[in-house]
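Note on naming: letters A, B, ... go to the chains in the order of the sequence lines (proteins, then strands), and numbering restarts at 1 for each one.
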Amino acid sequence: MSFFPAKTVNSDIFGRLLLSEGLFINREAMRPSYMPQILPHRERQINELASILVPALRGETPSNIFIYGKTGTGKTIVTKFVGGELLKKGEEMGKYVTFVYINCEVVDTQYRLLQNIANHFINEWSERIPFTGWPTDEVFSKLLTMIDKNKGVNVIILDEVDKLKGDEALYNLSRINSSLEYAKLSIVGISNDLKFTEFLDPRVKSSLGEENLIFPPYDAEELQDILNQRALIALKPGCLDDDVVPLCAALAAQEHGDARRALDLLRMAAEICERQGVSCVSKKFVRLAQNKIETDRVTEVIRTLPAQSKLILLAIVLQHQHDSQKGTSGPITTGEVYEIYKDLCKKARADSLTQRRVADLISELDMLGIITARVISKGRYGRTREIQLSTSSDEIMFVLKEDEVYDDLSNYKINAQARLM
DNA sequence: CTTCCACAGGAAGGTCTGGCGG
DNA sequence: CCGCCAGACCTTCCTGTGGAAG
């Protein structure tokens, strides 16, 4: 739809017409990447982070920092915000301060991390470091000279630092200051894994954890403030029922106070509402949005499942459909699933796994939330898992059938079952 | 009370891939 | 280019177990 910024509304007739159809003024403001002017309920964290980093403006080395907090607690946005302010102030004061943000989920090896950092310090004299080919230690020493040349204070943010492979990179980075002659460097590590440092080399641990910052989850009221603030920017006035924001906030608060989740809910609710041509978002749409988000997640999970797990899931669905046709719909056991699964493998001319392995894959499906598997005892008749679908079988079939192989198999199996019975 | 089913789930080891240092 | 190692993925073999049936 429309991505017109709010200020063009008055001058752009077509934009205004387009907008009059929808509920959004600025859709981007509802996305997690959006940087608002004010970050509600994070004043304490902002101040703390700023006070740790302020030595950078005096040309001194700030302490290294570790930031913890679950997803959607504002770690990334607060750090970027403070970083931005730091740069602004640095420019104002004529101090050379740099601020490098790196997401370690994307840049996950030592080489690429060093390369990425180095390429931030590129200027007309230095050559770009290629994304492969150089020995790691050469990249490292190159990085050293590049940083040292600018003689400033550098703050490097490593977001999702727990995703970084191996702690060698962290070790090297944390010791970098002793090799720098003019420049200063400090590292901010961000992680949502509280136990992350336990597995680190003790030297890295003490060096990086000079300061610790913890981001607590938002409670329902705080989430409401955040939602209200964003809704004000993103949506037309008066298009939200009074109880919509509290509901979104309450639902997200149940899920460990995830602000991203809350925003997604509200945005999705408004989008569904808009698509249906309704001018006011009511509670109904929040429920719809919640369902949509959940099915989108499940669909995506199923789609990316490895082949063997898909076969197992297919076996469960087929058994489920077979049962409900006969009206004997009930829980399915591991043994039953395994028999059908073996049959399916034969039909597909694929190798089948052992029951032991299949049992593990079944618990994986359980953890992914596609099925529910509880261990129960049927007394004399043994101990097994009771397997139930937690998504409708039609929906799972719909996704599985995207692949011809499973489409064919779905027919095969129903015949085979009829033959068996 | 004991028995005993039909698995759960731990331990150890095999195979394969891919990154890394030399 | 090669050997090494870590980690993903599986297998084999194993012991453990809740509770209905006897």
When the distance from [atom1] of [X] to [atom2] of [N] is rounded to whole Å, what number comes out?
| X | N | atom1 | atom2 | answer |
| --- | --- | --- | --- | --- |
| A:Ile332 | B:dA6 | CD1 | P | 18 Å |
| A:Leu353 | B:dG14 | CG | P | 20 Å |
| A:Glu386 | C:dG19 | CD | C1' | 14 Å |
| A:Arg383 | B:dC7 | CZ | P | 12 Å |
| A:Tyr338 | B:dA8 | OH | P | 12 Å |
| A:Asp360 | C:dA8 | CG | P | 14 Å |
| A:Leu361 | C:dT11 | CG | C1' | 13 Å |
| A:Arg357 | C:dA8 | CZ | C1' | 9 Å |

When the nearest nucleotide of DNA chain B is assigned to A:Thr384 and to A:Arg380 on a heavy-atom basis, which residue is associated with the more 5' position?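 The residue closer to the strand's 5' end, by nearest nucleotide, is A:Arg380.
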Would [X] and [Y] pass as an ion pair if we require N to O under 4.0 Å?
| X | Y | value |
| --- | --- | --- |
| A:Arg303 | A:Glu300 | yes |
| A:Lys88 | A:Glu92 | no |
| A:Asp264 | A:Arg267 | yes |

Between B:dG9, B:dC7, C:dC10, which nucleotide has the shortest distance from any of its atoms to the side chain of A:Arg385?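 Selected nucleotide (nearest to the side chain): B:dG9.
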Listed nucleotide nearest any side-chain atom of A:Thr333, set C:dT11, B:dC7, B:dA8: B:dC7
side-chain contact (heavy atoms from CB on, under 4.5 Å) between A:Gln229 and A:Asp225, intermediate numbers included: CA-CA 6 Å; A:Gln229 176 211 22; A:Asp225 289 341; over 6 Å; no
Determine, step by step, whether A:Thr71 and A:Asn192 satisfy the side chain to side chain donor-acceptor pair (under 3.5 Å) criterion, reporting the C-alpha distance in whole Å, the side-chain angles of both residues, the deciding distance to 0.1 Å, and the verdict. CA-CA 6 Å; A:Thr71 47; A:Asn192 52 23; 5.6 Å; no
Would you say a side-chain N or O of A:Ser377 is under 4.0 Å from OP1 or OP2 of C:dT17?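 No, no such contact exists.
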Taking 4.0 Å as the cut-off, does a side-chain nitrogen or oxygen of A:Arg356 come that near to OP1 or OP2 on B:dC7?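 Looking at the OP1 and OP2 atoms of B:dC7, neither is under 4.0 Å from any side-chain N or O of A:Arg356.
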Using a cut-off of 4.0 Å on non-hydrogen atoms, how would the nucleic acid contact of A:Ser352 be classed: base, sugar-phosphate, or nothing? sugar-phosphate
